Enquirer: 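Pasting in a structure now, in structure tokens, and then I'll have a few things to ask.
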Amino acid sequence: MATPQWAAVDAYLVQALIGDDPALTAALEASTEAGLPAIGVSPAQGKLLHLLARIQGARKILEIGTLGGYSTIWLARALPRLGRLVSLEVDPRHAEVARENVARAGLTRAVDIRVGPALELLPQLAGEQQGPFDFIFIDADKPSTPEYFEAAIGLSRPGTVIVVDNVVRDGSIVDAGSADPNVIGMRRLVERLSADPRVDATVLQTVGSKGYDGFAIARVASDI
Ligand code: SAH
Ligand code: DHB
Ligand code: MG
């Protein structure tokens with residue numbers, strides 16, 4: 001099949017606006033080498049996350065779903081000196097590859113990768129008073145996304161920005177009768193976003209080298 005136009009446009013824009021990035025390229029190569037699936041955010045999406053975190057002035061970032069640390073590197077690079085990123089990953093092999101990639105990017109001191117199921121690690125972060133986080137990126141298993149979002153609000157302050165990946169998934173989000181747990185998870189997320197007075201949110205559909213998908217972007221209200 002011919003390259004879809006949006007993949008060609010992504011390639012053009014990434015070359016123009018991001019260019020060669022040895023640490024990110026090395027991270028992708030090491031991830032492929034280790035047999036990790038190529039399901040991380042695209043370069044343009046990674047840069048969007050980076051810019052959003054910088055626009056937010058984030059000093060503390062939480063990520064749920066590390067994989068090989070590709071989005072982790074983009075986000076950690078947005079931190080000021082002494083800023084910190086905590087990333088949660090259930091698969092010890094993914095975490096090991098991510099730690100190596102983060103080290104290669106020179107970000108070890110800023111990044112704390114924790115291994116375990118996010119639903120167990122999130123309450124631990126709360127117990128350790130690691131929050132509030134300024135920016136939270138949710139990108140782990142999709143069925144639990146609404147639970148991660150709830151925990152994220154608990155680790156937030158007024159004004160915290162929460163971004164959720166893979167909300168649209170080729171348009172499957174509109175299928176109200178879907179039996180796919182991923183779709184059900186994302187529809188539950190959208191219901192929550194629409195009904196929860198603690199957040200203001202939108203969902204932005206995206207196309208590019210990773211196909212057709214979308215990010216939810218939420219801001220925690222000033223009066224939580
Ligand atoms: N954010 C990454 C991609 C993450 S892919 C990037 O864009 O580069 C999703 C990751 O979530 C996988 O590594 C998977 O192992 C992890 N994951 C799946 N279920 C999880 C759970 N219950 N707790 C924590 N991480 C989980
Ligand atoms: C999958 C997970 C992701 O976070 C993603 O961006 C794409 C695909 C997956 O589990 O298939
Ligand atoms: Mg994702």
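For clarity, every value in this text was computed on a predicted model and none was experimentally measured. Read the numbers this way: they start at 1 and go in the same order the structure lists the ligands and their atoms.
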Enquirer: Can you measure from OH (Y70) to CD1 (I39) and round to the nearest 0.5 angstrom?
Expert: 14.5 Å

Enquirer: Which one of Q124, R114, E63, E120 satisfies the side-chain contact (heavy atoms from CB on, under 4.5 Å) criterion with L88?
Expert: R114

Enquirer: Are the side chain of D134 and the backbone N or O of T160 linked by a donor-acceptor pair below 3.5 Å?
Expert: no

Enquirer: Could you report the tightest heavy-atom contact between G40 and L67, atom names first, then the distance?
Expert: N-CD2, 3.8 Å

Enquirer: If you round to the nearest 0.5 Å, how far is OG of S172 from CG of D213?
Expert: 8.0 Å

Enquirer: Given that the side chain starts at C-beta and the backbone is N, CA, C, O, which of these parts of I64 lies under 4.0 Å from ligand 1, counting heavy atoms, or is it both or neither?
Expert: neither

Enquirer: Hey, which atoms in ligand 1 end up nearer than 4.0 Å to a heavy atom of P117?
Expert: 23 (N)

Enquirer: Measure the spacing between CZ of R198 and CZ of F149 and express it to the nearest 0.5 Å.
Expert: 8.0 Å

Enquirer: Among Ile, Leu, Val, Met, Phe, Trp and Tyr joined by side-chain contacts under 4.5 Å, find the other residues sharing a cluster with V183 and list them by chain and number.
Expert: none

Enquirer: For the CZ atom on R54, are there more than 12 heavy atoms of other groups (residues, nucleotides or ligands in this structure) within a distance under 6.0 Å?
Expert: no

Enquirer: Measuring from non-hydrogen atoms of G46 to any atom of ligand 1, is the shortest distance under 4.0 Å?
Expert: no

Enquirer: Provide, to 0.1 Å, the distance between atom 12 (C) of ligand 1 and the closest protein heavy atom, together with that atom's residue and name.
Expert: E89 OE1, 3.5 Å

Enquirer: Just how far is it from atom NE2 of H50 to atom NZ of K47, taken to the nearest 0.5 Å?
Expert: 7.0 Å

Enquirer: Is there a polar contact, in the sense of an N or O pair closer than 3.5 Å, between G69 and ligand 1?
Expert: no

Enquirer: Among protein heavy atoms, which lies nearest atom 7 (O) of ligand 1, and at what distance?
Expert: V41 N, 2.9 Å

Enquirer: Run the side-chain donor-acceptor check on residues 24-31: report pairs under 3.5 Å with partners two or more places apart or on a different chain.
Expert:
from : atom 1 : to   : atom 2 : distance (Å)
T25  : OG1    : D21  : O      : 3.1
S31  : OG     : A27  : O      : 2.7
S31  : OG     : N101 : ND2    : 3.4

Enquirer: Of the side chain and backbone of H94, name the one, both, or neither that has a heavy atom under 4.0 Å from an atom of ligand 1.
Expert: side chain

Enquirer: For atom CD of Q5, decide whether the heavy atoms of other residues, nucleotides or ligands shown that lie under 6.0 angstrom number more than 12.
Expert: no

Enquirer: Answer with side chain, backbone, both or neither: which part of Y148 has a heavy atom less than 4.0 angstrom from an atom of ligand 1?
Expert: side chain

Enquirer: List nothing but the number: protein N/O/S atoms under 2.8 Å from the Mg ion (ligand 3).
Expert: 3

Enquirer: Which of the atoms in ligand 1, numbered in the order shown and given with their element, are less than 4.0 Å from a heavy-atom of G116?
Expert: 23 (N), 24 (C)

Enquirer: Heavy-atom contacts with T66 under 4.0 Å: which atoms of ligand 1 show up? List them by number with element.
Expert: 2 (C)

Enquirer: Counting heavy atoms only, name the option from L75, I73, D141 that's nearest to atom 19 (N) of ligand 1.
Expert: D141

Enquirer: Would you call E147 and R192 a salt bridge, using N to O less than 4.0 angstrom?
Expert: no

Enquirer: Of all the non-hydrogen atoms in the protein, which one sits nearest to atom 23 (N) of ligand 1, and at what distance?
Expert: A118 N, 2.9 Å

Enquirer: Give, for atom CG of L79 and atom CZ of R109, the distance between the pair rounded to the nearest 0.5 Å.
Expert: 12.5 Å

Enquirer: Specify the closest pair of heavy atoms between K60 and G131, including all atoms of both residues, with the distance to one decimal.
Expert: NZ-O, 3.2 Å

Enquirer: For the residue pair V163 and L48, establish whether any side-chain heavy-atom pair is separated by less than 4.5 Å.
Expert: no

Enquirer: How close does the nearest protein non-hydrogen atom get to atom 6 (C) of ligand 1, and which residue and atom is it?
Expert: S71 OG, 3.0 Å

Enquirer: Quick check on D200: does its CG atom have over 12 non-hydrogen neighbours (other residues, nucleotides or ligands) under 6.0 Å away?
Expert: no

Enquirer: For atom 26 (C) of ligand 1, what is the nearest protein heavy atom, given as residue, atom name and distance?
Expert: V90 CG1, 3.5 Å

Enquirer: What does the N/O contact table under 3.5 Å look like for ligand 2?
Expert:
from     : atom 1 : to   : atom 2 : distance (Å)
ligand 2 : 4 (O)  : D139 : OD1    : 2.6
ligand 2 : 4 (O)  : K142 : NZ     : 3.0
ligand 2 : 4 (O)  : N166 : OD1    : 2.9
ligand 2 : 6 (O)  : I39  : O      : 3.0
ligand 2 : 6 (O)  : D165 : OD2    : 3.2
ligand 2 : 6 (O)  : N166 : OD1    : 2.9
ligand 2 : 6 (O)  : N166 : ND2    : 2.8

Enquirer: Which residue supplies the protein heavy atom nearest to atom 4 (C) of ligand 1, what is that atom called, and how far is it?
Expert: D139 O, 3.4 Å

Enquirer: Could you state the interatomic distance from CD1 (I136) to CG (L75), rounded to the nearest 0.5 Å?
Expert: 11.5 Å

